[in-house]
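All heavy atoms count here, side chains included; hydrogens, waters and symmetry mates do not. Along the sequence shown, the residues carry numbers beginning at 1.
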Amino acid sequence: MTKIPASATRLPALSTTVTPAEPGTVPAAHGILLAHGATGSIAANYEALIPALAATGHTVVAPDYPGSGRTPRADGPLDLDALADALVAEAVTAGVETFTLIGFSLGTAVSVRAAARHPERVRGLVLTAGLAKPDHRANIWIDLWLRLLDRGDYAGFAQARALSGLSPEALNALPPAELAAALDPDPALPPAGSAEQAALVKEVDTTGDLPGICVPTLVIATTRDQLIHPSHSRHLAERIPGAEYAEIATGHVPMAERPEECQGMILKFLAEHAL
């Protein structure tokens, strides 16, 4: 096997939670490693999914990227190879030698790159609201996010995230209190590493990795997505050999709009492939 050199980019130590399989459950064949989205966190993206995975016999390894959760902010730009390697290292350190990677948004690129660089570890992929490479629309959104963060315009950033993260139907249906929470301009709410994480989205390109992925893969397209067009998910499914493709009628954050449906898709895939 060709040894892939480690990335030269140094990241801070990741803050990682490890949730063991529930007592009394049949242990799953492999663990789960989670990769969250840019400007998100494990708690924001996967809080409801983790106990459901543990209830099906999985040990769940959940690292926060630099600047999210309790992980310190990076000193410079993030690197996709380094981030993928760091997540895999967290799983191995936790004693989870092989695993399915569940990635959301930026986390889909992290997951694909991890599978390409560590094929001996990765046994399956679940890629939701993902992309191989950003298009003009995604880049414009990210540039807007970065400009607002640079200016300290947290009210504008909250508005941009609400518009890009939720489907029009879900946004318009929010009760007043939930809308106010979504638009809260408190500068402490966005993760400290939001700018570095968003900037990484502009740099990712896993196009060349896709044909070499040879593990069971589920691609979930978010068909009402205002940030990452569902055509990106179709591209992933078409380029990854044997990938399964499913759709969910939500905006970019399906765990916020249809959490049970999204969770059901993931658990069904894992069970069908004995992952």
Side-chain angles (χ1 to χ4, degrees), residues 4 7-9 11 33-40 45 65-66 74 76-88 101-119 122 124-147 149 160-161 163-165 193-215 217-248 250-254:
I4 297 176
S7 170
T9 301
L11 299 178
L33 177 59
L34 300 178
H36 66 74
T39 78
N45 294 162
Y65 300 161
L78 299 180
D79 172 79
L80 187 62
D81 287 355
L83 192 54
D85 290 352
L87 261 66
V88 170
L101 262 158
I102 299 179
F104 163 66
S105 192
L106 170 61
T108 63
V110 176
S111 298
V112 167
R113 183 56 52 85
R117 290 175 64 81
H118 303 277
V122 179
L125 292 173
V126 178
L127 310 174
T128 302
L131 76 168
K133 182 180 180 179
D135 58 9
H136 294 326
R137 180 183 180 86
N139 277 326
I140 290 169
W141 270 118
I142 298 301
D143 283 340
L144 176 60
W145 287 8
L146 291 171
R147 189 177 306 114
L149 287 168
R161 283 220 301 176
L163 285 170
S164 59
S194 290
E196 293 85 17
Q197 294 172 21
L200 179 58
V201 176
K202 290 175 59 64
E203 303 299 323
V204 300
D205 185 355
T206 62
T207 306
D209 298 333
L210 303 180
I213 301 299
C214 55
V215 295
T217 299
L218 172 63
V219 177
I220 302 176
T222 40
T223 61
R224 300 291 293 148
D225 201 323
Q226 308 299 298
L227 178 62
I228 303 296
H229 194 271
S231 60
H232 288 279
S233 288
R234 291 194 289 270
H235 176 83
L236 292 173
E238 290 166 0
R239 298 300 190 277
I240 296 175
E244 299 176 27
Y245 175 79
E247 295 182 344
I248 186 167
T250 69
H252 189 64
V253 191

Shortest non-hydrogen separation from [X] to [Y] and the atoms involved:
X	Y	answer
Y65	G107	OH-CA, 3.4 Å
L131	S105	CD2-O, 4.1 Å
D225	L227	OD1-N, 2.8 Å
V122	A115	CG2-CA, 3.7 Å
L146	A198	CD2-CB, 4.0 Å
G40	N45	CA-OD1, 4.2 Å

Any [X] side-chain heavy atom under 4.5 Å of [Y] side chain:
X	Y	answer
L125	L218	no
S194	L149	yes
E203	L78	no
V253	F104	yes
S233	T223	no
L200	Q197	no

**Q.** Pair H252, S164: side-chain N/O donor-acceptor within cut-off below 3.5 Å
**A.**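 There is no such pair (donor and acceptor under 3.5 Å, judged by atom type) between the side chains of H252 and S164.
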Q. Taking atom types as modelled, is there a side-chain donor on T206 or D209 under 3.5 Å from an acceptor on the other?
A. no
Under a 3.5 Å distance rule, please check whether [X] uses its side chain to pair with a backbone N or O of [Y] as donor and acceptor.
X	Y	result
T39	G37	no
W141	Q226	yes
E244	G242	no

Measuring from atom [atom1] of [X] to atom [atom2] of [Y], what distance do you get when rounded to the nearest 0.5 angstrom?
X	Y	atom1	atom2	value
I102	L127	CD1	CG	10.0 Å
H118	L101	NE2	CG	10.0 Å
D135	H235	CG	NE2	11.0 Å
I228	R137	CD1	CZ	9.5 Å

Q | Sole residue of D85, D205, D81 in salt bridge (charged side-chain N to carboxylate O under 4.0 Å, His left out) with R113 | A |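 Only match with R113 under salt bridge (charged side-chain N to carboxylate O under 4.0 Å, His left out): D81.
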